[in-house]
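Structure first, commentary second.
The model shown is predicted, which means the values in this text are computed figures rather than measured ones.
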Amino acid sequence: MKILYIGKERRYAQAVATALRGIARKVTLTWAQSLDEGQRYLDENRDVAALVMDAQAHAGNWPQSVKDLWSLPIRPALVVVVPEGIRPTFESLGPPPDGYVTSGQMFLRDL
């Protein structure tokens, strides 16, 4: 299973990898620091099972390829990481996420 984490913080990418490997053994996590880097990865890997995106680092700028992936027969899940204490609203961001987790103390558990 391929998972893509898009965010500037390597420690969150590592936390996502740790959390997912605790659930499933055959997980490959790729870290992209920028939206452009993430989009290049998505263009070459249409079989991504999930995207985990740091909303704060990207301020609502979703890569075009996320919208393109919604047309696939089996689309990847989209999970957004938001700062602790903020209840997100996603109406204006285009495609809505499947869920979100906060970047606080319970990040690993919630993920």
Side-chain angles (χ1 to χ4, degrees):
M1 173 175 23
K2 293 180 184 177
I3 309 290
L4 174 61
Y5 175 76
I6 302 174
K8 295 180 182 180
E9 295 286 334
R10 180 183 181 103
R11 65 187 171 110
Y12 285 129
Q14 291 170 329
V16 170
T18 299
L20 294 174
R21 287 189 184 117
I23 298 169
R25 293 185 185 260
K26 295 185 179 187
V27 173
T28 301
L29 181 95
T30 301
W31 173 39
Q33 288 183 293
S34 69
L35 292 173
D36 290 338
E37 193 178 319
Q39 185 167 346
R40 282 190 297 277
Y41 179 83
L42 290 170
D43 288 343
E44 296 172 8
N45 295 276
R46 305 297 280 181
D47 59 340
V48 169
L51 302 172
V52 180
M53 184 174 291
D54 183 347
Q56 188 174 18
H58 303 297
N61 297 317
W62 306 93
Q64 181 61 38
S65 47
V66 170
K67 292 179 185 175
D68 294 343
L69 291 174
W70 258 242
S71 65
L72 295 174
I74 300 175
R75 73 166 183 83
L78 175 59
V79 177
V80 178
V81 180
V82 297
E84 193 169 29
I86 294 177
R87 183 74 179 176
T89 58
F90 297 106
E91 295 83 21
S92 63
L93 298 179
D98 296 298
Y100 71 92
V101 295
T102 59
S103 59
Q105 291 180 342
M106 299 307 221
F107 179 68
L108 286 178
R109 183 198 63 138
D110 292 345
L111 188 61

Fill in: Non-hydrogen atoms of A49 and M1 that approach each other most closely
CB-CG, 3.4 Å
Practice prompt. Could you please spell out the steps behind the side chain to side chain contact (heavy atoms under 4.5 Å, CB included) verdict for V16 and V81?
Written response: CA-CA 10 Å; V16 170; V81 180; 5.6 Å; no
Worksheet, complete the sentence: For P76 and V48, the nearest pair of non-hydrogen atoms, with its separation, is CB-O, 3.2 Å
Discussion item. I need the Q33 CD to Y5 OH distance, nearest 0.5 Å.
Written reply: 10.5 Å
Worksheet item: Any salt bridge between D47 and K2, counting N to O under 4.0 Å?
Response: yes
Worksheet item: CG/N45 to OG1/T28 distance, rounded to the nearest 0.5 angstrom?
Response: 10.0 Å
Worksheet item: If every non-hydrogen atom of L4 is compared with every non-hydrogen atom of T30, which pair is closest and at what distance?
Response: CD1-O, 3.3 Å
Practice prompt. Please step through side chain to side chain contact (heavy atoms under 4.5 Å, CB included) for the pair M53 and L35, ending with a clear verdict.
Written response: CA-CA 9 Å; M53 184 174 291; L35 292 173; 4.3 Å; yes
Worksheet entry | Qualifying residues under salt bridge (charged side-chain N to carboxylate O under 4.0 Å, His left out), relative to D36, sequence neighbours excluded | none
Response to the item:
Contacts of E9 meeting side-chain contact (heavy atoms from CB on, under 4.5 Å) (sequence neighbours excluded), chain-then-number -> R11, Y12
Worksheet item: Looking only at heavy atoms, what is the nearest atom pair of L29 and A17, with distance?
Response: CD2-CB, 3.7 Å
Practice prompt. List the atom of E37, the atom of W31, and the distance in Å for their closest heavy-atom pair.
Written response: OE2-O, 3.5 Å
